[in-house]
Amino acid sequence: MAEGEFRLRVRYGKVGRLRWLSHLEIVHALERIIRRAGLPYALTRGFSPHMKVAFGPALPVGTAGENEYLDVWLTRYTGVEDALGVLAACAPADLAPNLARFVGEKEPSLTAAITIARYEVAIEGKESSTENVRTALESVVSAGTFEVEHKGKHKVFDLARSLPEEARVRDREDGSVVDVTVRMGSQGSLRPELLVVRALETASVDATVLHTTRTDTLIETPEGVWVRPV
């Protein structure tokens with residue numbers, strides 16, 4: 001961080017219809033919101049200067065996010081409440097910032113720091129009872145590994161590491177919800193809806209995934225404690 005710059009960390013949501021935007025479209029939308037808000041944002045130093053902003057782990061198209069984060073560097077100190085107020089006023093409700101604070105120069109980047117994510121996978125269908133879904137999920141998880149093919153790449157996830165908590169199934173109207181906690185890293189992270197879809201297919205359960213929401217993104221401290229970035 002250059003001298004005289006202030007690193008503002010902002011929490012926002014990506015919900016409703018905006019869940020169908022790509023990560024790049026979200027980046028562009030949030031940069032426009034920052035410009036419209038009139039915040040004194042810093043520019044990168046290089047041949048083609050651009051807004052100095054950094055984002056947390058990307059969300060797949062179609063997956064909503066309730067606690068997503070970005071860092072934007074400002075050239076002038078602005079009160080947190082004032083900055084949050086103008087950002088929220090310039091953003092659509094489904095992408096509105098809702099919390100902010102300044103963080104220090106030595107804080108690691110969001111992509112490096114955030115290694116834990118919590119998801120909700122909603123399921124519907126005539127066989128989507130919690131008991132059916134729980135049994136199907138236990139069968140897949142007990143295999144110990146999970147293999148996927150994505151964009152021509154073959155990946156194998158060690159479920160003992162990728163799932164730091166046991167997945168839970170609970171009731172919802174006309175179906176059930178699977179709560180999945182995933183460990184993320186440079187090798188990629190397991191997409192929870194793929195795990196659930198595989199479980200339903202393997203157990204021949206007549207049910208489908210309705211939608212997926214990332215409910216939280218967390219930093220794991222050296223002591224093993226999970227904390228929010230803000």
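- No chain of hydrophobic side-chain contacts below 4.5 Å, direct or via other Ile, Leu, Val, Met, Phe, Trp or Tyr residues, connects L59 to L21.
- In the hydrophobic clustering of this structure, V121 groups with L159; members are Ile, Leu, Val, Met, Phe, Trp, Tyr whose side-chain heavy atoms approach within less than 4.5 Å, directly or through other members.
- The two residues A91 and A96 come nearest to each other via the heavy atoms CB-CA, 4.0 Å.
- Nearest approach of A207 to S128, heavy atoms of both residues: CB-CB, 3.8 Å.
- Annotation: side chain of S189 is not in contact with side chain of T115 (no heavy-atom distance under 4.5 Å).
- The side-chain contact (heavy atoms from CB on, under 4.5 Å) test with F55 singles out one residue from L110, T111, L30, and that residue is L30.
- Taken to the nearest 0.5 Å, the CG atom of D171 stands 4.5 Å off from the OG1 atom of T130.
- Proximity of R7 to E105: side-chain heavy atoms (C-beta onward) are nowhere separated by under 4.5 Å.
- Judged purely by atom type and a 3.5 angstrom limit, S142 uses its side chain to pair as donor or acceptor with the backbone of S139.
- Closest approach of A100 and V230 over heavy atoms only: C-CG1, 4.3 Å.
- No side-chain heavy atom of V209 sits under 4.5 Å from any side-chain heavy atom of V178.
- Residue S204 comes nearest to E127 through the heavy atom pair O-OE1, 3.7 Å, listed as atom of the first residue, atom of the second, then distance.
- Counting non-hydrogen atoms of other residues, nucleotides and ligands closer than 6.0 Å to CD of E166 gives a total of 12 or fewer.
- The hydrophobic cluster containing I123 also contains V205, counting ILVMFWY residues as joined when their side-chain heavy atoms lie under 4.5 angstrom apart, directly or transitively.
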Worked check of side chain to side chain contact (heavy atoms under 4.5 Å, CB included) between Y12 and L70: CA-CA 8 Å; Y12 64 96; L70 67 84; 4.0 Å; yes
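- Of all non-hydrogen atoms in F146 and V140, the two that sit nearest each other are CD1-CG1, 4.2 Å.
- A distance of 5.0 Å separates NZ in K126 from CG in D206, rounded to the nearest 0.5 Å.
- Using a distance-only test at 3.5 Å, with no hydrogens or angles considered, no donor-acceptor pair links the side chain of R172 to the main chain of V177.
- The hydrophobic clustering, which links ILVMFWY residues whose side-chain heavy atoms are closer than 4.5 Å, places L99 and V80 apart.
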Intermediate values then yes/no, side chain to side chain contact (heavy atoms under 4.5 Å, CB included), K52 and V72: CA-CA 6 Å; K52 197 170 178 180; V72 58; over 6 Å; no
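- For CZ of R168, the number of neighbouring non-hydrogen atoms (other residues, nucleotides, ligands) closer than 6.0 Å is 12 at most.
- The side-chain heavy atoms of H50 and L43, taken from C-beta on, include no pair separated by under 4.5 Å.
- Partners of R19 according to the salt bridge (charged side-chain N to carboxylate O under 4.0 Å, His left out) rule, which considers only residues two or more places apart in sequence or in another chain, do not exist here.
- Under a 4.0 Å N-O distance rule, the pair R228/D216 qualifies as a salt bridge.
- Annotation: the span from L163 atom CG to L190 atom CG amounts to 6.0 Å, rounded to 0.5 Å.
- Side chain of R183 to main chain of R161: a donor-acceptor pair is present (N/O by atom type, distance under 3.5 Å, no hydrogens or angles).
- In this structure, R198 does not pair ionically with E201, as no charged nitrogen and carboxylate oxygen lie closer than 4.0 Å.
- The closest side-chain heavy-atom distance from L200 to T208 is not below 4.5 Å.
- With respect to the salt-bridge test (charged N to carboxylate O, under 4.0 angstrom), the residues E120 and R170 qualify.
- Taking 4.5 Å as the limit, every side-chain heavy atom of I219 sits out of range of all side-chain heavy atoms of E107.
- Between W20 and V61 there is a side-chain heavy-atom pair separated by less than 4.5 Å.
- Pairs of residues two or more places apart, or lying in two chains, that qualify as ring pair (Phe, Tyr, Trp, His ring centres under 6.0 Å) and include a residue from residues 91-138 are Y77-F102.
- Between the R76 side chain and the P40 main chain, no donor and acceptor come within less than 3.5 Å of each other.
- The shortest distance between side-chain heavy atoms of N67 and T215 does not fall below 4.5 Å.
- One finds the CG atom of L194 at 12.0 Å from the CD atom of E149 (value rounded to the nearest 0.5 Å).
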Worked verdict on T221 versus E223 for side-chain hydrogen bond (donor to acceptor under 3.5 Å, both in side chains): CA-CA 5 Å; T221 69; E223 295 76 27; 3.3 Å; yes
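- When all heavy atoms of P92 and L18 are compared, the closest pair comes out as CG-CD1, 4.1 Å.
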Full working for side chain to side chain contact (heavy atoms under 4.5 Å, CB included) between R214 and E68: CA-CA 9 Å; R214 187 158 72 188; E68 304 300 306; 2.6 Å; yes
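- Interatomic distance, CD1 of I114 versus CE of M184, reported as 6.0 Å (0.5 Å rounding).
- Between the side chain of R11 and the main chain of P229, no donor-acceptor pair closer than 3.5 Å is present.
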Audit row: V148, F157, side chain to side chain contact (heavy atoms under 4.5 Å, CB included) steps and yes/no: CA-CA 8 Å; V148 295; F157 293 95; 3.8 Å; yes
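- In the hydrophobic clustering of ILVMFWY residues, with side-chain heavy atoms under 4.5 Å counting as a link, L8 and I26 come out together.
- For CD of E81, the number of neighbouring non-hydrogen atoms (other residues, nucleotides, ligands) closer than 6.0 Å is 12 at most.
- Formation of a donor-acceptor pair under 3.5 Å by the T213 side chain with backbone atoms of A64 is not found in this model.
- Atoms CZ and CH2, from R118 and W226 in turn, are 5.5 Å apart once rounded to the nearest 0.5 Å.
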